[in-house]
J.: 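Let me begin by handing over the structure; questions about it come next.
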2 protein chains.
Amino acid sequence: MCFITRVSEIMTDKDTCKSCTESKDSIFNLLTKEEKKVFEENRQCTSYKKGEIIFKEGDLPVGMICLCSGKVKLFKEGVGGRDQIIRMEKQGDFVGFRALFAGEHYSATATAIEDSVICYLEKNILEKVIKANGNFALRVINILAKELGFSNERTVSLTQKHIRGRLAESLLVLINTFGFEENNKTIKVYLSREDIASLSNMTTSNAIRTLSTFAQENVISLYGRSITVENMEQLKRISRLG
Amino acid sequence: MCFITRVSEIMTDKDTCKSCTESKDSIFNLLTKEEKKVFEENRQCTSYKKGEIIFKEGDLPVGMICLCSGKVKLFKEGVGGRDQIIRMEKQGDFVGFRALFAGEHYSATATAIEDSVICYLEKNILEKVIKANGNFALRVINILAKELGFSNERTVSLTQKHIRGRLAESLLVLINTFGFEENNKTIKVYLSREDIASLSNMTTSNAIRTLSTFAQENVISLYGRSITVENMEQLKRISRLG
DNA sequence: CTAAATTTGTGTTTTATAACACGTGTTTCT
DNA sequence: AGAAACACGTGTTATAAAACACAAATTTAG
């Protein structure tokens, strides 16, 4: 990956990115003061505008990326250019660390779906800490294991559930990742119909159509790109029955 | 998981299972002599007959399982009882360690597809070694990361490729996992058509039909459950084009 | 502020594949 | 040995969802 050309803005003030090491339930809380310091001194923060590519399928990972703020989609290009979104990343998530640890090129492309700030940490520094701090290592293992469970789950859902079930499940995934706005009903992410389709393994037409049907059935209500859940139980039922 | 009731035969001679700690490219080579000794003294070997269940979706993992010999399929039950095989395990593989590290119940069922011997190691012993031995920890991380890559890859293939592409890819997966017999052509695993279907996300009828078509096209030849690859390039091409 | 481009929305047609039905061959069990 | 259960194979039908075509609405750019 050619880091420089894609950089929207390399941030000079490292304190702009506090969330990674300072947020409450962060994995970084397992680090010692010294280890935290090493991380803070060696990281490089970069900001991306909505729509910009952070890395591309095939690029070689050069370090660990933590999403300080914003939202990112991770997608693979499939047969005939049809994209499949395999993961949505929120503040505090690691982006693309799978490829780093697997020692492989990126197997997916990461794009900011909102203005985002990432901070970037060299691989060898991370590895040193993993080797030295067993609890940190176990936590990394735990995160990977959970993500693998999610991926396996999705494989079955996306292949076996019917359109309505797939869309309902994808909405639940979005809720799970990004949560609700203050009203506790409106999903806190604003995706194009095309992205919703890529997440749910269907064509854009069918995503639009099926969302409309859900709205007609008062399971959700739509206003532009905002999706408000009106009947959570029913949404879960549709997802479950496939 | 109720360990005792499922045990086909608890083996008394621990040396019957050498492959785990002694094979050439085993992860256990990263262990010190002392750590190896702890592993060897604390493991429990068990043998399973073809068709027997090692653990079930929903069971709670109680330890790390290493497949000493034999072959195992890992599958999830999908919508309407349609199984999806998410992984095939060969000698030396860890079975179900994802759930163990994720701290979750098993999300899939493991069944021996050949007579198999597993050896079982308590979780806390494993965790101690991971905490103490950084290189071992990194290797575990590496294995999980690679498996996650495989899972993501399969999600896209199984949802987007057409029947022929899915079947061809599944055959390549089998070759990749189990390799060939001495003739360098016959895939070294013997599955029912139903299992091949469950691996490829299709009905048994379609697996049978499509295998026949491949045979007619001289891409493979069939003799009972044995599948011999006659034109590897063509098989790869079919997989690639979807 | 208008033109162009993109996104959203809807109806129709086509097609891949599941579902079904049925027959044959092969183990397994009593 | 005979019955039952299971695995394999093939033709037909039904259907979910993709593909296509086109219109309206919204956003972006000049």
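Treat the numbers as computed from the prediction; the structure is a model and nothing was measured.
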J.: Output the rounded distance in Å from CG (B:Leu222) to P (D:dC8).
T.: 11 Å
J.: Report yes or no: do A:Glu194 and A:Thr204 form a side-chain donor-acceptor pair below 3.5 Å?
T.: no
J.: How many whole angstroms separate atom CG of B:Leu167 from atom P of C:dT17?
T.: 12 Å
J.: Have a look at A:Thr204 and say if it touches a base, only the backbone sugar-phosphate, or nothing, with a 4.0 Å heavy-atom cut-off.
T.: nothing
J.: Check nucleotides 15-18 of chain D for protein N or O atoms closer than 3.5 Å to its own N or O atoms and list the pairs.
T.:
from, atom 1, to, atom 2, distance (Å)
D:dA17, OP1, A:Ile163, N, 3.1
D:dA17, OP2, A:Ile163, N, 3.4
D:dA18, OP2, A:Asn206, ND2, 2.4

J.: Take atom CG of B:Leu191 and atom P of D:dC8, then tell me their distance rounded to the nearest Å.
T.: 10 Å
J.: Can you tell whether the side chains of B:Lys146 and A:Glu104 come within less than 4.0 Å, N to carboxylate O?
T.: no
J.: Are A:Ser170 and A:Arg154 linked by a side-chain donor-acceptor pair shorter than 3.5 Å?
T.: yes
J.: Using whole Å, what does the distance between atom P of nucleotide C:dT27 and atom CZ of B:Arg193 come to?
T.: 13 Å
J.: Looking only at atom types and distance, does a side-chain atom of A:Gln160 sit under 3.5 Å from a main-chain N or O of B:Arg82, one as donor and one as acceptor?
T.: yes
J.: Taking atom CD1 of B:Ile208 and atom OG1 of B:Thr203, what is their separation to the nearest 0.5 Å?
T.: 8.5 Å
J.: Heavy atoms under 4.0 Å is the rule here; annotate nucleotides 24-30 of chain D 5' to 3' with B where the base is hit, S where only the sugar-phosphate is, and - elsewhere.
T.: -------
J.: Please give, in whole Å, the distance from D:dC22 C1' to A:Ile208 CD1?
T.: 13 Å
J.: Hey, is the side chain of B:Ser205 poking within less than 4.0 Å of OP1 or OP2 on C:dA18, counting only N and O atoms?
T.: no
J.: Taking the side chain as every heavy atom from C-beta outward, state whether A:Leu199 and A:Leu174 have any atom pair closer than 4.5 Å.
T.: yes
J.: Distance only, no hydrogens: is a donor on one side chain within 3.5 Å (strictly under) of an acceptor on the other, for A:Lys161 and A:Ser239?
T.: yes
J.: Return the value, rounded to whole Å, for the distance between atom CG of A:Asp195 and atom C1' of C:dT6.
T.: 14 Å
J.: Verify whether one side chain among A:Gln91 and A:Ser69 offers a donor that lies under 3.5 Å from an acceptor in the other.
T.: no
J.: How far does CG of A:Leu121 sit from CD1 of A:Ile65, to the nearest 0.5 angstrom?
T.: 11.0 Å
